[in-house]
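One structure is given below, encoded as structure tokens.
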Amino acid sequence: MTDDPHAGAMSFIFEAGVLKRAARTGWWFAGVKHPESIAEHSFRTALIGMMLAAMEGADPGRVSMLCVLHDTQETRITDIPHIAKRYLTAAPNTAVTADQVAACPPAVADVITAVVAEYEASETLEAIVARDADKLECLVQAVEYRHQGVADVQRWIDSSRAALKTSSAHRLADVALTGAPMAWLNPPASPPVT
């Protein structure tokens, strides 16, 4: 290993690529054979976070950054399902992140560790919105899986919905639960020809 901080930054980038292959394991309990990856979850979480931030008066860029980094620790500790958390104690995400970015340029390490610490503390509006985005993404994914024929997703819907804090996240959850995931494929109604 070299002492070049650019090599450290590249190492973190390569490590983050593992999230594209790592499955969200909790869905296996619902019968999903090939669940989405952690990276797929994080992408849509960041998109939801940006939208929620706009609705709630938070900083959309900051919320998106919180969302992108919220599960990066899972390259090292994996996606531990909730049932496993009864029996396992993982290192705090802030400690995992500190190890992950230790060889990065100081400015990079400082930004990433500060973002993860903010998310974990959940005290700022941006962190609260980011956590709502994470839970709302899980709810949306459960709705999609249900529409694909996976029957046992209600516990994910219920626990995700119960964890939501912001009014915008609650309103989006209501729409997700009553909407059709593929409705966006329908063309808009044409105005009547006069």
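It should be emphasised that the depicted structure is a prediction, and the values quoted were computed from it without experimental measurement.
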- Just wondering, more than 12 heavy atoms not from Lys33 lying within 6.0 Å of its NZ? no
- Task: Look at the side chain of Ser64 and the backbone N and O of Pro60, then say whether any donor-acceptor pair between them is shorter than 3.5 Å.
- Result: yes
- Can you see which heavy atom on Ser168 is nearest to which on Met55, and at what distance? OG-CB, 3.3 Å
- Note on the structure: Those residues at least two apart in sequence (or on a different chain) that pass side-chain contact (heavy atoms from CB on, under 4.5 Å) with Ser159 are none
- Roughly how far, to the nearest 0.5 Å, is the CE atom of Met10 from the CD1 atom of Ile13? 4.0 Å
- Query: Can you list the residues that meet the side-chain contact (heavy atoms from CB on, under 4.5 Å) rule with Ala22, with sequence neighbours excluded?
  - Reply: Ile38
- Point-to-point distance, once rounded to the nearest 0.5 Å, from CG of Leu136 to OG of Ser160: 8.5 Å
- More than 12 heavy atoms of other residues, nucleotides or ligands under 6.0 Å from CZ of Arg155: is that the case? no
- Message: Taking Met65 as the starting point, is it possible to reach Leu52 by hopping between hydrophobic residues whose side chains are less than 4.5 Å apart?
- Response: no
- Note, Phe43 side chain near Val68 side chain (heavy atom, < 4.5 Å): no
- So ring pair (Phe, Tyr, Trp, His ring centres under 6.0 Å) across residues 91-138, not counting sequence neighbours, yields His70-Tyr119
- Task: For atom NE2 of His147, decide whether the heavy atoms of other residues, nucleotides or ligands shown that lie under 6.0 angstrom number more than 12.
- Result: yes
- Of all residues at least two apart in sequence or in a different chain, which pass the salt bridge (charged side-chain N to carboxylate O under 4.0 Å, His left out) check with Glu40? none
- With hydrophobic residues grouped by side-chain heavy-atom distances under 4.5 Å, do Ile48 and Met51 end up in a single group? no
- Considering only heavy atoms from C-beta outward, does the side chain of Cys138 approach that of Lys135 to under 4.5 Å? no
- Message: On a heavy-atom basis, which atom in Ala130 and which in Thr45 lie closest, and how many Å separate them?
- Response: O-CG2, 4.4 Å
Could you tabulate the donor-acceptor pairs under 3.5 Å formed by side-chain atoms of residues 179-188, not counting sequence neighbours?
| unit_1 | atom_1 | unit_2 | atom_2 | d |
| --- | --- | --- | --- | --- |
| Trp184 | NE1 | Pro181 | O | 3.2 |

- Message: Would a single hydrophobic cluster contain both Leu69 and Val111, if residues Ile, Leu, Val, Met, Phe, Trp and Tyr are joined by side-chain heavy-atom contacts under 4.5 Å?
- Response: yes
- Query: Between Trp27 and Trp156, does a side-chain contact (heavy atoms from CB on, under 4.5 Å) hold up when you go through it step by step?
  - Reply: CA-CA 9 Å; Trp27 293 117; Trp156 282 267; 3.6 Å; yes
- Query: Is Glu123 atom CD crowded by more than 12 heavy atoms from other residues, nucleotides or ligands, each under 6.0 Å away?
  - Reply: no
- Any side-chain heavy atom of Arg131 within less than 4.5 Å of one from Ile128? no
- Task: Identify, with sequence neighbours excluded, every residue that meets side-chain contact (heavy atoms from CB on, under 4.5 Å) alongside Thr25.
- Result: Trp28, Asp79, Pro81
- Does the side chain of Arg24 reach to within under 4.5 Å of the side chain of Asp71, using non-hydrogen atoms? yes
- Query: So which pairs with a foot in residues 53-62 pass salt bridge (charged side-chain N to carboxylate O under 4.0 Å, His left out), sequence neighbours left out?
  - Reply: Arg62-Glu118
- Message: Membership question, hydrophobic clusters at under 4.5 Å side-chain separation (ILVMFWY): are Val32 and Phe29 in the same one?
- Response: yes
- Message: So, taking the atom named CG in Leu164 and the one named OG1 in Thr166, what distance separates them when rounded to the nearest 0.5 Å?
- Response: 6.5 Å
- Item | Distance-only polar pair, side chains of Asp132 and His170, donor-acceptor under 3.5 Å | no
- Task: With sequence neighbours left out, write down each residue that passes side-chain contact (heavy atoms from CB on, under 4.5 Å) with Leu177, or none if nothing qualifies.
- Result: Leu139, Val143, Arg146, Ile157, Arg161
- Query: Taking all non-hydrogen atoms of both residues, which atom of Cys67 and which atom of Gly49 are closest, and how far apart?
  - Reply: SG-CA, 4.1 Å
- Task: Start with the C-alpha gap between Val18 and Glu74, add the side-chain angles, then the distance that decides, and say whether side-chain contact (heavy atoms from CB on, under 4.5 Å) holds.
- Result: CA-CA 9 Å; Val18 170; Glu74 293 181 7; over 6 Å; no
Taking only distance into account, with no hydrogens and no angle test, what donor-acceptor pairs under 3.5 Å do side-chain atoms of residues 90-109 form with protein atoms, sequence neighbours excluded?
| unit_1 | atom_1 | unit_2 | atom_2 | d |
| --- | --- | --- | --- | --- |
| Asn93 | ND2 | Glu120 | OE2 | 3.0 |
| Thr97 | OG1 | Gln73 | NE2 | 2.9 |
| Thr97 | OG1 | Asn93 | O | 3.0 |
| Gln100 | NE2 | Glu15 | OE2 | 2.8 |
| Gln100 | NE2 | Thr72 | O | 3.0 |
| Gln100 | NE2 | Thr75 | OG1 | 2.9 |

- Query: Out of curiosity, does Val115 fall in the hydrophobic cluster containing Val63 (side-chain heavy atoms, cut-off under 4.5 Å, transitive links)?
  - Reply: no
- All salt bridge (charged side-chain N to carboxylate O under 4.0 Å, His left out) counterparts of Glu137, not counting sequence neighbours: Arg44
- Query: Among all residues two or more places apart in sequence or in another chain, which pass the salt bridge (charged side-chain N to carboxylate O under 4.0 Å, His left out) test with Asp158?
  - Reply: none
- Tell me, which pairs form a salt bridge (charged side-chain N to carboxylate O under 4.0 Å, His left out) where one or both residues lie in residues 177-194, sequence neighbours left out? none
